Protein chains: 2
Amino acid sequence: MANQSPLPGLFGALSDPTRFAVVEQLAGGPASVSELAAPHDMAGPSFLKHLNVLERAGLVTSVKVGRVRTVSLVPDALESIEAWVKAHRARWEHRLDRLGAFLAEDEKS
Amino acid sequence: MANQSPLPGLFGALSDPTRFAVVEQLAGGPASVSELAAPHDMAGPSFLKHLNVLERAGLVTSVKVGRVRTVSLVPDALESIEAWVKAHRARWEHRLDRLGAFLAEDEKS
DNA sequence: GAATTACATAGCCACATGGCTAATCAATCG
DNA sequence: CGATTGATTAGCCATGTGGCTATGTAATTC
């Protein structure tokens with residue numbers, strides 16, 4: 001049982017407003033570091049840290065060509081989040097159904 | 001536009017392994033504080049803080065009856081996460097399609 | 001009514017996080 | 001070549017976060 005879920009890490013990466021906004025921007029297509037940084041009134045290095053967090057979390061990849069680094073989304077990451085949420089919401093709703101059934105049953109008595 | 005997205009807050013709540021596990025446990029149905037705390041080798045007050053974080057984030061509600069507090073999931077929260085992920089993944093995949101089309105077009109020349 | 005149980009509050013501490021400036025490196029432009 | 005631009009590295013600092021112990025309070029149980 002050496003297997004820790006990677007999801008808390010993904011969530012952590014998305015828990016910062018700056019990083020969250022970056023992901024939203026990237027959903028519109030890849031962008032350079034400076035394009036991504038532009039909307040955020042923040043010093044370059046501070047912003048870079050955020051990008052590194054996103055990349056270490058696996059939400060984002062990047063390639064550097066010449067002096068420009070182009071960053072893009074990794075769809076698998078979003079997919080795994082979606083799968084997890086879907087599964088747990090489903091379990092929960094199933095439970096609510098059983099509760100509803102129980103209450104209805106109770107009502108009859 | 002005074003409207004900040006609530007999602008980073010939700011993600012923050014899920015970014016801690018303990019809290020993440022609590023949510024997973026709660027997907028199986030409501031539970032008391034001590035039932036939730038049991039699997040986590042951690043002092044009571046430390047664990048309580050986590051529950052409070054989850055509650056402030058809106059992922060969880062609780063009612064105290066007698067001396068026992070019962071905690072349950074708030075499905076809306078998971079739902080809003082799912083909706084966000086779905087939307088952004090969709091945008092991204094649409095983009096990939098356009099890229100594919102572009103590359104195919106390029107191939108012809 | 002005394003002891004136990006189930007949470008809760010207060011306060012402390014170590015470390016992580018998020019921001020900054022200054023300085024560097026490498027590619028491109030004039 | 002020299003200047004500029006885009007990204008990066010190296011520190012520094014304030015604040016937040018996650019853990020603890022000690023103590024408190026309210027509901028049950030014996």
Side-chain angles (χ1 to χ4, degrees), chain A residues 4-26 29-74 77, chain B residues 4-26 29-74 77:
Chain A
Q4 260 259 67
S5 173
L7 284 164
L10 288 181
F11 289 135
L14 290 168
S15 70
D16 178 90
T18 301
R19 293 194 294 263
F20 181 79
V22 167
V23 169
E24 295 214 297
Q25 184 173 347
L26 283 177
S32 72
V33 170
S34 21
E35 284 167 349
L36 291 169
H40 307 280
D41 188 19
M42 180 178 301
S46 314
F47 184 77
L48 247 210
K49 274 197 197 174
H50 286 302
L51 282 187
N52 290 333
V53 170
L54 285 172
E55 193 153 11
R56 266 182 276 121
L59 266 162
V60 137
T61 338
S62 65
V63 238
K64 187 165 184 175
V65 36
R67 59 187 164 172
V68 99
R69 173 174 302 275
T70 299
V71 183
S72 37
L73 264 192
V74 172
Chain B
Q4 260 260 69
S5 173
L7 284 164
L10 289 181
F11 289 136
L14 290 169
S15 70
D16 178 89
T18 301
R19 294 193 294 263
F20 181 78
V22 167
V23 170
E24 296 214 296
Q25 184 173 348
L26 283 177
S32 73
V33 171
S34 19
E35 285 166 349
L36 290 169
H40 306 280
D41 188 18
M42 181 179 298
S46 313
F47 185 76
L48 251 209
K49 271 197 200 175
H50 286 302
L51 282 187
N52 290 334
V53 170
L54 286 171
E55 192 153 10
R56 267 183 276 121
L59 266 162
V60 137
T61 338
S62 66
V63 237
K64 187 165 186 175
V65 37
R67 60 186 164 174
V68 92
R69 173 175 302 276
T70 299
V71 183
S72 38
L73 264 192
V74 173

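Model, not experiment: these values are computed from the prediction. Chain letters run A, B, ... following the sequence lines, proteins first and then strands; every chain starts at 1.
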Whole angstrom is fine here: how far is it from [atom1] in [X] over to [atom2] in [N]?
| X | N | atom1 | atom2 | result |
| --- | --- | --- | --- | --- |
| B/D41 | D/dG18 | CG | C1' | 15 Å |
| B/F20 | D/dG18 | CZ | P | 16 Å |
| B/L51 | D/dT17 | CG | P | 17 Å |
| B/M42 | D/dG19 | CE | P | 4 Å |
| B/N52 | D/dG16 | CG | P | 18 Å |
| A/H50 | D/dT8 | NE2 | C1' | 16 Å |
| B/K49 | C/dG11 | NZ | P | 13 Å |
| B/H40 | D/dC20 | NE2 | P | 13 Å |

Select from B/G44 and A/F47 the residue whose nearest nucleotide in DNA chain C is closer to the 5' end of that strand.
-> B/G44

Give each protein N/O atom lying under 3.5 Å from an N/O atom of nucleotides 25-30 of chain C, with the pair distance.
unit_1	atom_1	unit_2	atom_2	d
C/dA27	N3	A/R67	NH1	3.1

With heavy atoms under 4.0 Å as the rule, sort A/S46 into base, sugar-phosphate or nothing.
-> base

Test item: side-chain donor near acceptor, A/T61 and A/E55, under 3.5 Å = no

Is there side-chain contact between [X] and [Y], with at least one heavy-atom pair below 4.5 Å?
| X | Y | answer |
| --- | --- | --- |
| A/V68 | A/V33 | no |
| A/H40 | A/H50 | no |
| A/L26 | A/V23 | no |

Nearest to the side chain of [X], heavy atoms from C-beta on, is which of [options]?
| X | options | answer |
| --- | --- | --- |
| A/L48 | D/dG11, D/dT9, D/dA22 | D/dT9 |
| B/P45 | C/dC20, C/dA10, D/dG18 | C/dA10 |
| B/D16 | C/dC7, D/dT8, D/dG18 | D/dG18 |
| A/R69 | D/dC12, D/dG18, D/dA7 | D/dA7 |
| B/A43 | D/dC20, D/dG18, C/dG18 | D/dC20 |

What residues 55-62 of chain B contributes to the DNA chain C interface at heavy-atom separation below 4.0 Å is none

Does OP1 or OP2 of D/dT5 have a side-chain N or O of A/S34 closer than 4.0 Å?
-> no

Any idea how B/F11 and A/F20 line up, ring-wise: parallel (<30°), tilted (30 to 60°), or perpendicular (>60°)?
-> tilted

N/O donor-acceptor pair under 3.5 Å between [X] side chain and [Y] backbone:
| X | Y | result |
| --- | --- | --- |
| B/Q25 | B/P39 | no |
| B/R56 | B/L51 | no |
| B/R19 | B/A13 | yes |

Search all heavy atoms of B/T18 against all heavy atoms of B/D16 and return the closest pair with its distance.
-> N-OD2, 2.9 Å

Step by step, would you call B/L59 with B/V74 a side chain to side chain contact (heavy atoms under 4.5 Å, CB included)?
-> CA-CA 5 Å; B/L59 266 162; B/V74 173; 5.9 Å; no

